[in-house]
Amino acid sequence: MPPNTRRTVADTPGITSCGTGGIIMAERIQPVIGIIGGSGLYDIDGLENKEWRRVETPWGLPSDDLLFGTLDGVQCVFLPRHGRGHRLSPSHLNYRANIDAMKRAGCTDILSLSAVGSLKKKLPPGHFVIVDQFIDRSFAREKSFFGDGCVAHVSVADPVCPRIGDVVEQAAKRLSLPYARGGTYLVMEGPQFSTRAESELYRSWGCSVIGMTNMPEAKLAREAEMCYATVAMVTDYDCWHEDHDHVTVDAVIRVLRGNAEKARALVQAVVPVLGQERGPCEAGCDRALDFAITTPEDHRDPALMAKLDAVAGRMLRAA
Ligand SMILES: CSC[C@H]1O[C@H](OP(=O)(O)O)[C@H](O)[C@@H]1O
Ligand SMILES: Nc1ncnc2[nH]cnc12
């Protein structure tokens with residue numbers, strides 16, 4: 001049986017269905033780790049048998065070819081979010097193609113690495129935040145794989161996978177990286193940075209960091225039933241801090257260089273742990289569609305269903 005093929009009760013001796021929408025819970029998964037590199041991260045160190053491959057999707061092309069390889073024997077797939085050469089702006093990224101391509105490439109887990117501005121004094125440049133919440137203020141992006149012809153509403157109450165967060169936290173501790181566990185990432189549309197009034201507003205909401213890319217990325221990863229977590233790497237204090245200049249790309253890039261080195265070390269430490277064979281996600285990320293699709297089979301649009309072959313493949317195979 002190929003890796004990550006779901007076993008049925010019939011071909012798995014001694015296993016019974018647990019009754020979650022008819023899905024069998026006792027499978028073993030050989031994880032494939034997807035890594036989305038943000039600003040300053042266009043490649044990945046230490047990858048063996050590297051190969052950049054074009055992956056086409058029904059939603060168009062992803063930001064770049066995907067880099068396939070192994071790290072400590074673990075299969076990895078890397079995608080530079082803005083493309084090599086940072087060609088694509090946050091509003092023009094094809095988020096659906098990016099996530100679909102990673103799903104098509106077999107990824108079970110996605111580690112997103114992102115540059116962010118800090119909205120809290122205690123999170124200075126150089127700090128890593130293992131984000132656990134988002135406020136999505138983006139507005140000019142396609143945010144769902146679903147729509148007319150197949151309506152679905154997944155839960156994003158807890159938008160990141162706590163298991164990946166745990167692994168990242170352990171690795172950050174081992175590497176003595178300055179990090180915070182938990183925090184809210186405010187997603188703005190951009191491409192301009194915030195006004196001071198906006199920055200203060202987001203601070204008053206209790207947000208920790210601000211960036212332009214993690215939504216709809218995290219929502220789409222949930223729809224595609226992949227575990228997803230973000231390491232938000234602080235580059236600046238946005239424009240609210242009285243003792244710091246307002247953010248500029250120049251300042252971001254200066255800090256990014258140091259952050260990128262730490263991020264590379266973090267990836268090397270995290271992948272061997274994330275890559276260990278495991279059972280289904282305890283938080284249910286890999287079963288997000290179980291009770292999400294509201295359009296009955298006989299009312300679904302065949303053209304849209306064909307586009308969902310990778311994202312909703314598990315549900316379609318089960319039907
Ligand atoms: C170059 S600073 C602004 C840019 O950096 C962040 O992108 P990413 O999350 O891909 O690292 C931020 O969201 C902006 O897109
Ligand atoms: N201050 C900021 N605002 C939005 N995105 C960012 N990326 C890095 N710093 C940022």
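Whatever order the structure lists them in is the order used to number ligands and atoms, beginning at 1. Since we're looking at a predicted model, the values are computed, not measured.
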Trainee: Is any side-chain N of the basic residue among Asp301 and Lys307 closer than 4.0 Å to the acidic one's carboxylate O?
Mentor: no

Trainee: Of the protein's non-hydrogen atoms, which lies at the shortest distance from atom 5 (O) of ligand 1, and what is that distance?
Mentor: Ser39 OG, 2.8 Å

Trainee: Have a look at ligand 2 and work out which part of Asp238, if any, has a heavy atom under 4.0 Å from it: side chain, backbone, both or neither.
Mentor: both

Trainee: Please say whether Gly117 places an N or O atom under 3.5 Å from an N or O atom belonging to ligand 2.
Mentor: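 In this structure, Gly117 places an N or O atom under 3.5 Å from an N or O of ligand 2.
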
Trainee: Mind checking whether Val252 contacts ligand 1 via backbone (N, CA, C, O), side chain (CB onward), both or neither, at a 4.0 Å heavy-atom cut-off?
Mentor: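 Looking at Val252 and ligand 1, just side chain atoms fall under 4.0 Å.
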
Trainee: Which residue and non-hydrogen atom of the protein lie closest to atom 3 (C) of ligand 1, and at what distance in Å?
Mentor: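 Minimum-distance protein heavy atom for atom 3 (C) of ligand 1 reads Phe193 CE2, 4.3 Å.
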
Trainee: Under 4.0 Å from a heavy atom of Gly211: give me the atoms of ligand 1 that qualify, with their elements.
Mentor: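 Per the distance check, 13 (O).
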
Trainee: Need the ligand 2 atom indices (1-based, order shown) with element for anything under 4.0 Å from a heavy-atom of Ala115.
Mentor: 7 (N), 8 (C)

Trainee: What protein heavy atom is closest to atom 10 (O) of ligand 1, reported as residue, atom name and distance in Å?
Mentor: His82 NE2, 2.5 Å

Trainee: Quick one: look at Val247 and ligand 2, take heavy-atom pairs under 4.0 Å, and tell me if it's side chain, backbone, both or neither.
Mentor: side chain

Trainee: Should the pair Arg196 and Trp240 be classed as cation-pi, given the thresholds of under 6.0 Å to the six-membered ring centre and 45° from the axis?
Mentor: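 The answer is no, since Arg196 fails at least one limit relative to Trp240.
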
Trainee: Please identify which atoms of ligand 2 are closer than 4.0 Å to at least one heavy atom of Met212.
Mentor: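 So the atoms of ligand 2 that pass are 4 (C), 5 (N).
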
Trainee: Among all protein heavy atoms, pick out the one at the shortest distance from atom 5 (N) of ligand 2; state its residue, atom name and that distance to 0.1 Å.
Mentor: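 So the nearest neighbour among protein heavy atoms is Gly211 CA, 3.5 Å.
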
Trainee: With heavy-atom distances below 4.0 Å as the criterion, list the atoms of ligand 1 near Ser114.
Mentor: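 Contacts of ligand 1 toward Ser114, numbered from 1: 8 (P), 9 (O), 11 (O).
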
Trainee: Give the numbers and elements of all ligand 1 atoms closer than 4.0 Å to a heavy atom of Thr213.
Mentor: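 Those of ligand 1 that fall under 4.0 Å from Thr213 are 7 (O), 8 (P), 9 (O), 10 (O), 13 (O), 15 (O).
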
Trainee: Looking only at protein heavy atoms, which one is nearest to atom 3 (N) of ligand 2, and what is the separation?
Mentor: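 Answer for atom 3 (N) of ligand 2: Phe193 CD2, 3.5 Å.
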
Trainee: Is the shortest side-chain N to carboxylate O distance from Arg278 to Asp109 below 4.0 Å?
Mentor: yes

Trainee: Compute the ring centroids of Phe145 and Trp59, then answer whether they are less than 6.0 Å apart.
Mentor: yes

Trainee: Could you tell me whether Asp166 and Arg181 make a salt bridge, using a distance below 4.0 angstrom between a side-chain N and a carboxylate O?
Mentor: yes

Trainee: Near Gly38, which atoms of ligand 1 are under 4.0 Å from a heavy atom of that residue?
Mentor: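 Reading through ligand 1 atom by atom, the close ones are 8 (P), 10 (O), 11 (O).
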
Trainee: Could you tell me, atom by atom, which parts of ligand 1 come under 4.0 Å of a heavy atom of Pro90?
Mentor: 15 (O)

Trainee: Using 4.0 Å as the upper bound for N to carboxylate O, is an ion pair formed by Glu225 and Arg314?
Mentor: yes

Trainee: Taking only heavy atoms of Thr235, which atoms of ligand 2 are found under 4.0 Å from at least one of them?
Mentor: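 Result: 8 (C), 9 (N).
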
Trainee: Salt bridge or not between Glu242 and Lys121? Use side-chain N to carboxylate O under 4.0 Å.
Mentor: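 Counted as a salt bridge, because a side-chain N and a carboxylate O are separated by less than 4.0 Å.
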
Trainee: Give the intermediate values and the outcome of side-chain hydrogen bond (donor to acceptor under 3.5 Å, both in side chains) for residues Arg222 and Ser155.
Mentor: CA-CA 8 Å; Arg222 178 59 53 83; Ser155 169; 5.2 Å; no

Trainee: Decide, yes or no, whether a salt bridge links Arg54 with Glu56 under the criterion of side-chain N to carboxylate O below 4.0 Å.
Mentor: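 Yes.
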
Trainee: I'd like to know if Arg84 and Asp64 make a salt bridge, using a cut-off of under 4.0 Å between side-chain N and carboxylate O.
Mentor: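 Looking at Asp64 together with Arg84, the answer is yes, because their closest N to O distance falls below 4.0 Å.
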
Trainee: Heavy-atom contacts under 4.0 Å between Asp236 and ligand 2: side chain, backbone, both, or neither?
Mentor: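 The answer is the side chain of Asp236.
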
Trainee: Does the Glu189 side chain pair with the main chain of Phe139, one donor and one acceptor, at a distance under 3.5 Å?
Mentor: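 Answer holds: yes.
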
Trainee: Quick check: does any side chain N or O of Ser144 sit under 3.5 Å from a backbone N or O of Phe146, one acting as donor and the other as acceptor?
Mentor: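 It does hold such a pair.
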
Trainee: Who's the nearest protein heavy-atom neighbour of atom 13 (O) of ligand 1, and how far?
Mentor: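 Nearest protein contact, heavy atoms only, for atom 13 (O) of ligand 1 is Met212 N, 2.7 Å.
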
Trainee: Which is it for Arg81 and ligand 1 at heavy atoms under 4.0 Å: side chain, backbone, both or neither?
Mentor: side chain

